[in-house]
Amino acid sequence: MSYNYKELGLVNTREMFKKANENGYAVPAFNFNNLEQALAIIEACAETGSPVILQCSKEVIEYIGATMIPLIAKGAVDYVKASGSEIPVALHLDHGSNFEMAKKCIDLGFSSVMFDGSHYPFAENISKTREIVEYAHLKNVTVEAELGVLAGVEEGKKVEKHEFTRPEEVENFVKQTGVDSLAIAIGTSHGAHKFKPGDDPKLKLEVLAEIERKIPGFPIVLHGSSAVPKQYIEMIKQYGGIIKDAIGISDTELRKATRSAVAKINVSTDGSLAFTGALRKALAEKPEEFDLKKYLGAAKEEMKAYYKTKIINVFGSEGAYKKSTIV
């Protein structure tokens, strides 16, 4: 089944990012892996009046099913309208690996796609990105690309070496590719085990500032920006889970970035940790429970509550649009 994203009520990210940059906040880009997580995200954003980018990876598209993803997004848009909210909703491919994947998602009704060519040589990253941009822009779909390499684990793929984005490359890259936003590497990291307790991870805000000078007003994206909340690490362990102690990027550091050119921040791990912790707790406290709605519902509500605090304290996007009248 093929859709134009406008048929689903979705928007691309162009106006979202323009408004975010003008008003000093960042748009939440939350990954979802199932229906409950999608509900947690859309309810949290509608209730706080925050714009939202629903995003999923190739692996999640395969898991849920390519024909189902656009319908989940349409359901999210319909929920927003029924609730009286006016938040814009985008559907985004996270870490697309090639032209074929990007094209498939655009034809499915995605309103935004990312091509991650950061592991290619600079010239090859440009040529591959430009090919996707040319196809996407024919359908008014926005494209995100990446310069620099984040260490950590993303969808089971481990990257050991971290390479900060080179400010001297960004202007040429943006000009030659025609991309709509740029993901950069300034100290964030993928996965739950970003940094060890005792570390003091800081963003390279001086690199961000130099990039902003090179491409003023251009939307910047941060990947790997989960905080890895201690309460969820402890909750998972308390109720039988096995997970290493770790920390992420602090809310304070991320809020500094949102006040500059950072228009989009990706968060996936935090949602999974909140969901998993609450799910384990619900199952442990009521081992006789087999009604999925009860324990999956508890996990959804925990993730939703956490994301509402994240929207207010980190993204600064609360009230950017009309809030839901259903809370």
Side-chain angles (χ1 to χ4, degrees), residues 12-22 26-27 29 53 55 90 92-103 105-106 110-152 154 159 161-190 203-225 256-266:
N12 65 32
T13 59
R14 202 166 286 121
E15 288 302 316
M16 269 188 182
F17 291 166
K18 183 175 183 291
K19 183 171 179 177
N21 279 155
E22 289 173 350
V27 178
I53 298 169
Q55 59 183 31
H92 178 74
L93 168 65
D94 189 24
H95 284 279
S97 58
N98 54 47
F99 175 83
E100 290 72 25
M101 188 65 199
K103 181 180 183 301
C105 288
I106 292 166
F110 281 60
S111 59
S112 178
V113 295
M114 181 211 179
F115 170 64
D116 183 359
S118 58
H119 54 288
Y120 290 111
F122 184 69
E124 191 172 357
N125 190 359
I126 287 175
S127 64
K128 288 180 179 293
T129 301
R130 186 170 57 236
E131 181 185 21
I132 291 169
V133 168
E134 288 171 353
Y135 183 80
H137 283 184
L138 289 175
K139 302 196 175 187
N140 203 28
V141 169
T142 43
V143 179
E144 173 188 326
E146 184 166 347
L147 273 180
V149 179
L150 273 65
E154 176 79 3
V159 178
K161 187 179 179 183
H162 187 107
E163 296 179 10
F164 292 117
T165 302
R166 298 183 180 93
E168 64 272 17
E169 293 181 343
V170 296
E171 185 177 8
N172 189 27
F173 184 87
V174 167
K175 189 178 296 184
Q176 290 200 48
T177 60
V179 291
D180 302 282
S181 60
L182 183 66
I184 62 171
I186 58 169
T188 55
S189 179
H190 287 133
L203 297 179
K204 295 285 187 180
L205 294 175
E206 68 277 12
V207 175
L208 174 60
E210 183 61 24
I211 289 170
E212 191 173 358
R213 280 193 289 271
K214 296 287 186 181
I215 46 173
F218 193 81
I220 299 299
V221 177
L222 295 184
H223 285 229
S225 299
K256 291 175 186 175
T258 65
R259 292 190 175 99
S260 63
V262 173
K264 172 180 181 267
I265 296 179
N266 288 16

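- Here the closest heavy-atom approach between residue N21 and residue S260 is recorded as ND2-O, 3.9 Å.
- Here the closest heavy-atom approach between residue T129 and residue F115 is recorded as OG1-CD2, 3.3 Å.
- The SG atom of C105 sits 12.0 Å away from atom CD of E100, with the distance rounded to the nearest 0.5 Å.
- For R14, the salt bridge (Lys or Arg N to Asp or Glu O under 4.0 Å) partners two or more places apart in sequence, or in a different chain, are D180.
- The salt bridge (Lys or Arg N to Asp or Glu O under 4.0 Å) search around K19 returns none, not counting sequence neighbours.
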Quiz item: Are L208 and L203 close enough, and set up right, to give a side-chain contact (heavy atoms from CB on, under 4.5 Å), and what steps lead you there?
Solution: CA-CA 9 Å; L208 174 60; L203 297 179; over 6 Å; no
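- The side-chain heavy atoms of P167 and I211, taken from C-beta on, include a pair separated by under 4.5 Å.
- In this structure, the separation between CD1 on I106 and CD1 on I132 is 7.5 Å, given to the nearest 0.5 Å.
- Side-chain atoms of N12 never come within 3.5 Å of backbone atoms of S112 as a donor-acceptor pair (strictly under, hydrogens ignored).
- The two residues T165 and A185 make their nearest non-hydrogen contact at OG1-N, 2.7 Å.
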Residues 169-176 side chain polar contacts: donor-acceptor under 3.5 Å, at least two apart:
residue	atom	partner	partner atom	Å
N172	OD1	Q176	NE2	2.6

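- With a 4.5 Å cut-off on side-chain heavy atoms, I215 and I220 count as touching.
- When each of I265, N266, I184, D116 is checked for a side-chain contact (heavy atoms from CB on, under 4.5 Å) with H223, only N266 meets the rule.
- Residue pairs meeting the salt bridge (Lys or Arg N to Asp or Glu O under 4.0 Å) criterion with at least one member in residues 120-137, sequence neighbours excluded: E124-K128.
- Taking T13 as the reference, T142 meet the side chain to side chain donor-acceptor pair (under 3.5 Å) condition, with sequence neighbours excluded.
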Quiz item: Which is it for I53 and F17 under the side-chain contact (heavy atoms from CB on, under 4.5 Å) test, yes or no, and what are the steps along the way?
Solution: CA-CA 11 Å; I53 298 169; F17 291 166; 3.8 Å; yes
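- With sequence neighbours left out, E168 forms a salt bridge (Lys or Arg N to Asp or Glu O under 4.0 Å) with no residue at all.
- Considering only heavy atoms from C-beta on, Y135 stays 4.5 Å or farther from V143 through its side chain.
- Note that the NE2 atom of H119 and the CD atom of E146 stand 10.0 Å from one another [nearest 0.5 Å].
- Taking both residues in full, the closest heavy atoms of Y120 and N125 are given as CB-N, 3.9 Å, listed atom of the first, atom of the second, then distance.
- A pairwise comparison of heavy atoms in S111 and V141 identifies O-CG1, 3.4 Å as the closest pair.
- Separation of atoms CE (M114) and CD (Q55) is listed at 9.0 Å; rounding is to 0.5 Å.
- Between K264 and A26, the closest heavy-atom pair is N-CB, 4.2 Å.
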